[in-house]
Amino acid sequence: MFAALGGAEGGAALLVFGATHASRNGDSEYRYRQSSDLWYLSGWEDPESAVLLRPGADHPFVMFVQAKDRSREVWTGFRAGVEGARGTFGADAAFPWSELGARLPELLAGWSTLHYAWGEDGERDRTVFRALSGLGRVASRNGLAMPHQLVDARRLLGELRLFKDPAEVALLRRAADITAEAHVAAMRLGRPGVAEYEVEAEIDGLFRRRGGNGPGYTTIVGGGTNACVLHYITNREPLRAGDLCLVDAGCEYANYTADVTRTWPVSGRFSTPQRRLYEIVLASQLAAIDAARAGRPYKAMHDAAVRVLTEGMVAVGLLEGDVDTLILEEDFRRYYMHGTGHWLGLDVHDAGAYHLSGTSRLLEPGMVVTVEPGLYVAPDDARAPEAYRGIGIRIEDDILVTDGEPDVLTAACPKSVKDVEAACGG
Ligand code: GLY
Ligand code: MN
Ligand code: MN
């Protein structure tokens, strides 16, 4: 991290805040989940925290944390406090959170650039900008260097988080393994009359039983036409005989999340129209995964998926016309209206730029992406052959880009028609 910031005094400092603590209602709170950036830099878990990095300073790694407070610890548990920040977490200096505003100006004096992610929390922005403007007045009188350049910290942190080191890959593999097991359990449980929320409970429960934090995003269980709602999370209808069920669920393990979608037949066997569309989505997904190679542009995965999907849509009569023209005119979007994936890591839609200098960036070893094509035929789409109306299918896996073959972290999750039907007991 220090190397990324560059030089000593006169160079760049980085200020990152922890997540704000959300109350659910009354005295009830959501479980706290640290901001991915602060976790990435420090491993610190408690609320009310900030990390300030000042490469080359006497105290380069500064933390602001909740002070120890015996009466509060009775309610919410152990706090590492400023002592823990220094002793266990290796901070060169640590101060109580309540001193942030007062101490920031002196800590920022001497640095010409500040990396900070503004716009996420008004109160924090005010604290930071107040420190900068106060410092500015002193600096103009005394000739002191102060941050006169503000850089969006998300660029730097995104670039670092984009490349997963072996320890991060190991955590993503664990998240992927638990996720694959949960999808198999869902396929086994799913049958006519079982409610979408029961499938959700099976999946989320298994995430916790295996030591995960829970789902990395709200679990989607869409039976029948609910599968056509891309982020359906209501999950309250019964599964019906003859329908498909789309499940998009990923376990978060040690703050790293998997992101997997499987679509399976509630009655155990795909009908002919369902299987036809499923085979198209699967072929498009395999083509896109094959493009997840170092040296290929990020967008090659989407292009590969779109081509196979569009050819398939023409073959089954969802679209008519020349495949190249349908792609050029984006007619495929009638049934495939989202992108083919995203970076994956601490966040389900992880940090990192998709374009460099305006063009799709080239994939490199250590990047992790999802590949998730789908087909969604609205139930009331009068232009679609009747047999396909109301079918929604997505297939999503998590891929580590390597020097060689794409490494499918979620390969343990059944995907072929035969394997899915076997897992469903069909
Ligand atoms: N689960 C959200 C996504 O697939 O992007
Ligand atoms: Mn995804
Ligand atoms: Mn997903």
Side-chain angles (χ1 to χ4, degrees), residues 33 36 158 161-162 164 172-173 175-184 186-187 196 199-200 202-204 206-207 212-223 226-235 244-253 255-264 278 281-282 284-286 288-289 291-292 298-299 301-302 304-306 309 333 335-352 354 363 367-376 392-401 406-415 420:
R33 202 277 194 179
S36 295
R161 283 174 50 188
L162 183 51
K164 275 68 181 176
L172 281 165
R173 277 191 205 285
D177 287 347
I178 297 170
T179 299
E181 187 187 349
H183 276 269
V184 172
M187 290 175 197
E196 292 165 344
V199 177
E200 177 187 358
E202 179 77 6
I203 289 170
D204 291 5
L206 197 131
F207 291 167
N213 300 349
Y217 53 93
T218 306
T219 295
I220 294 168
V221 181
N226 292 334
C228 297
V229 180
L230 298 179
H231 282 175
Y232 172 82
I233 52 172
T234 318
N235 301 352
L244 293 178
C245 179
L246 183 154
V247 175
D248 185 345
C251 176
E252 183 178 278
Y253 187 83
N255 287 353
Y256 285 82
T257 192
D259 181 9
V260 170
T261 308
R262 289 294 184 266
T263 310
W264 37 265
Y278 189 91
V281 177
L282 181 56
S284 77
Q285 202 232 14
L286 295 175
I289 290 174
Y298 175 84
K299 80 189 259 300
M301 294 179 285
H302 184 62
V306 161
L309 285 173
R333 290 184 62 85
Y335 302 112
Y336 180 46
M337 58 295 279
H338 60 75
T340 300
H342 46 84
W343 308 129
L344 185 72
L346 286 165
D347 295 342
V348 61
H349 290 186
D350 207 32
Y354 292 91
L363 295 173
M367 294 174 167
V368 177
V369 294
T370 69
V371 175
E372 50 179 305
L375 280 178
Y376 313 89
I393 295 168
R394 177 161 70 252
I395 306 174
E396 176 173 27
D397 280 298
D398 305 339
I399 320 294
L400 170 66
V401 179
D407 185 347
V408 184
L409 303 176
T410 43
C413 198
K415 187 159 74 172
V420 167

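Both ligands and their constituent atoms are indexed starting at 1 by order of listing. Given the structure is predicted, the values throughout are model-derived calculations rather than measurements.
Exactly one residue among Thr219, Val221, Thr218 makes a side chain to side chain contact (heavy atoms under 4.5 Å, CB included) with Ile233. That residue is Thr218. Results of the side chain to side chain contact (heavy atoms under 4.5 Å, CB included) test with Lys164 over Leu346, Asp350, Val401 single out Asp350 as the only residue that passes.
Counting backbone and side-chain atoms alike, His342 contributes an N/O/S atom closer than 2.8 Å to the Mn ion (ligand 2).
With a 4.0 Å cut-off on non-hydrogen atoms, Asp259 touches ligand 1 through its side chain and not its backbone.
Remark: at the Mn ion (ligand 3), atom OD2 from Asp248 and atom OE1 from Glu396 enclose 110°, rounded to the nearest 10 degrees. Taking the Mn ion (ligand 2) as the apex, the angle formed with OE2 of Glu372 and OD2 of Asp259 is 160°, to the nearest 10 degrees.
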* To do: Starting from the C-alpha separation in whole Å, work towards a yes-or-no answer on side-chain hydrogen bond (donor to acceptor under 3.5 Å, both in side chains) for Asp259 and Thr370.
  => CA-CA 7 Å; Asp259 181 9; Thr370 69; 4.7 Å; no
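Between the side chains of Tyr253 and Asp177, no donor N or O sits under 3.5 Å from an acceptor N or O. Asp398 and Thr410 form no side-chain donor-acceptor contact under 3.5 Å, judged by distance and modelled atom types alone.
For atom 4 (O) of ligand 1, the closest non-hydrogen atom of the protein is Glu372 OE1, 3.0 Å. The nearest heavy-atom contact from the protein to atom 5 (O) of ligand 1 is His349 NE2, 2.7 Å.
Short contacts between ligand 1 and Glu396, defined as distances under 4.0 Å to a heavy atom of the residue, involve ligand atoms 4 (O).
Residue Arg394 places every heavy atom at 4.0 Å or more from ligand 1.
Between His338 and Tyr376, a ring centre-to-centre spacing shorter than 6.0 Å is recorded.
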